[in-house]
Student: 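First, the structure itself, so that you have it in front of you.
Note on naming: letters A, B, ... go to the chains in the order of the sequence lines (proteins, then strands), and numbering restarts at 1 for each one.
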Amino acid sequence: MQTGTMDIVVFDLETTGLSPYCEEIIQIAGMRMRDGVILKSEVFETYVNPGKRISSFITHYTGITNAQVCHAPGAVQALAEFSKFVGDATLVAHNGKRFDMPFIRETCLRNSTPVRPIGFIDSIAFSRRLWGRGGGHGLDVILNRLQLDPQSVRRHDARGDVAILAEAVRMMWSRIDPAFLKCPVPAGAGVIPV
DNA sequence: GCTAGGCAGGAACCCCTCCTCCCCT
C-alpha cells in the first residue's frame, strides 16, 4: 500500500468443490480499488488447470468446463501471477476467511510454494457492521439489500462475482466511511505466494 | 435440483465445550 492511499484487491476463486484440502482452484479473478474508486481496467483473470476432472455439478454451477481449463496454467503459476498483480494491496473476498484464503493457503502448502503474509478483509464484515445479525450475509442477500442487479453479471463466474462484489464493497464501505481513509472493519491476515 | 468440509459465533457458564448456523464452490 502506498502512503496516503488505500489499495485493495477484491478477488474471487472458483474451485472444483468446497474443501480447501481436497479440491482445486479452477479460476481466479481480481479487481483493484484505490481510495474507494474501482479501477475497472486494473483487473486480473485466469482459468487454472486443476489437474483433475471438473465434476458436472461444478460445471453446471460455475459454467466452467474441462475444455476451458485444460490449457490454462496450473495453480502454482496462476497464484504467482495473481500475487504479482496484488502487490502490497490488501485482499478482500466474500467469506474469504473461511473459503478463499484457506484455499490459497492449502494450495501453496500442497505445492510447497513459499508464501508471504498479506492483509485480508472479509467483506462479510461490512455486511455484519451495517445490518447486524439478522437476514444473513450471503452475497445475493447483500446485492438485494444494495439494490444491485445480480443479473448484470454472470454470477458464479469469478469475473462476474468479483465485479459485482467490488461494487457492493464500495457501497458498503462508503456508507460506513465515505472518505475511504482506512478500513472500517477488522482486517486480518492471510498468505499469498512470494 | 443435486453434495460435503470447515468453523465463527452463541449458549451456558466462568472456562471450556458443545451446538447450530452460515457461507463459499
Side-chain angles (χ1 to χ4, degrees), chain A residues 8-31 44-70 72-75 78-79 82 86 90-111 118-146 148 150 153-169 172 183-192:
Chain A
I8 70 171
V9 168
V10 178
F11 82 104
D12 185 50
L13 303 179
E14 304 304 319
T15 69
T16 57
L18 286 172
S19 171
Y21 302 98
C22 47
E23 304 292 354
E24 301 288 339
I25 298 168
I26 56 177
Q27 190 187 26
I28 307 171
M31 186 173 280
F44 177 92
E45 53 182 70
T46 186
Y47 288 117
V48 182
N49 188 332
K52 64 190 270 190
R53 298 289 295 176
I54 299 172
S55 70
S56 56
F57 172 77
I58 292 296
T59 290
H60 190 250
Y61 186 81
T62 64
I64 300 170
T65 65
N66 284 292
Q68 284 171 311
V69 300
C70 72
L79 284 172
F82 179 59
V86 172
T90 297
L91 289 173
V92 177
H94 201 66
N95 199 37
K97 186 171 190 178
R98 286 163 136 171
F99 186 78
D100 303 80
M101 297 310 287
F103 246 106
I104 293 177
R105 185 192 68 221
E106 292 303 317
T107 301
C108 290
L109 201 57
R110 280 199 294 277
N111 292 286
I118 186 117
F120 168 74
I121 301 164
D122 195 324
S123 46
I124 282 180
F126 290 100
S127 179
R128 287 209 178 99
R129 172 79 178 269
L130 282 169
W131 295 294
R133 188 155 294 122
H137 304 285
L139 187 51
D140 283 314
V141 170
I142 291 173
L143 297 181
N144 188 49
R145 284 187 181 125
L146 294 170
L148 288 172
V153 298
R154 187 203 261 190
R155 286 281 282 116
H156 305 300
D157 179 298
R159 295 165 298 186
D161 279 358
V162 88
I164 203 150
L165 176 60
E167 180 60 17
V169 166
M172 291 190 290
C183 182
V185 296
V191 295
I192 194 172

Student: Please figure out whether A/Asn95 or A/Arg128 has its closest DNA chain B nucleotide nearer the 5' end.
Tutor: A/Arg128

Student: Under a 3.5 Å cut-off for both distances, is B/dC14 Watson-Crick or wobble paired, and to whom?
Tutor: none

Student: What interatomic distance, in whole Å, is found between C1' of B/dC21 and the corresponding atom of B/dG5?
Tutor: 14 Å

Student: Provide the Watson-Crick or G-U wobble partner of B/dC24, both distances under 3.5 Å; none if there is no partner.
Tutor: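 Across all strands, the one nucleotide that pairs with B/dC24 is B/dG5.
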
Student: Pick base, sugar-phosphate or nothing for A/Ser55, based on heavy-atom distances below 4.0 Å to the nucleic acid.
Tutor: nothing

Student: Taking B/dC24 as the reference, what is the distance to B/dC7 when you measure between their C1' atoms (whole Å, please)?
Tutor: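 Roughly 12 Å separates the two C1' atoms.
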
Student: With hydrogens left out and only the distance checked, is there a donor-acceptor pair under 3.5 Å joining A/Arg98's side chain and the base of B/dC7?
Tutor: yes

Student: State the CG-CD distance between A/Leu143 and A/Glu167, to the nearest 0.5 angstrom.
Tutor: 10.0 Å

Student: Contact class for A/Phe103 vs. all strands (heavy atom < 4.0 Å): base, sugar-phosphate, or nothing?
Tutor: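 Counting heavy atoms under 4.0 Å across all strands, no contact is made by A/Phe103.
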
Student: Rounding to the closest angstrom, what is the interatomic distance between B/dA8 and B/dC22 at atom C1'?
Tutor: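 Per the computed distance, 8 Å lies between those C1' atoms.
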
Student: Considering only the P atoms, how many Å lie between B/dC23 and B/dG9, rounded to the nearest integer?
Tutor: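 About 12 Å, rounded to a whole number of Å.
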
Student: For B/dT25, does OP1 or OP2 lie under 4.0 Å from any side-chain N or O of A/Tyr61?
Tutor: yes

Student: Just call it for A/Gly138: base, sugar-phosphate, or nothing, with non-hydrogen atoms closer than 4.0 Å on any strand.
Tutor: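 Answer is sugar-phosphate: A/Gly138 comes under 4.0 Å of backbone atoms only.
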
Student: For atom P, what is the distance between B/dG6 and B/dA11, given to the nearest Å?
Tutor: 26 Å

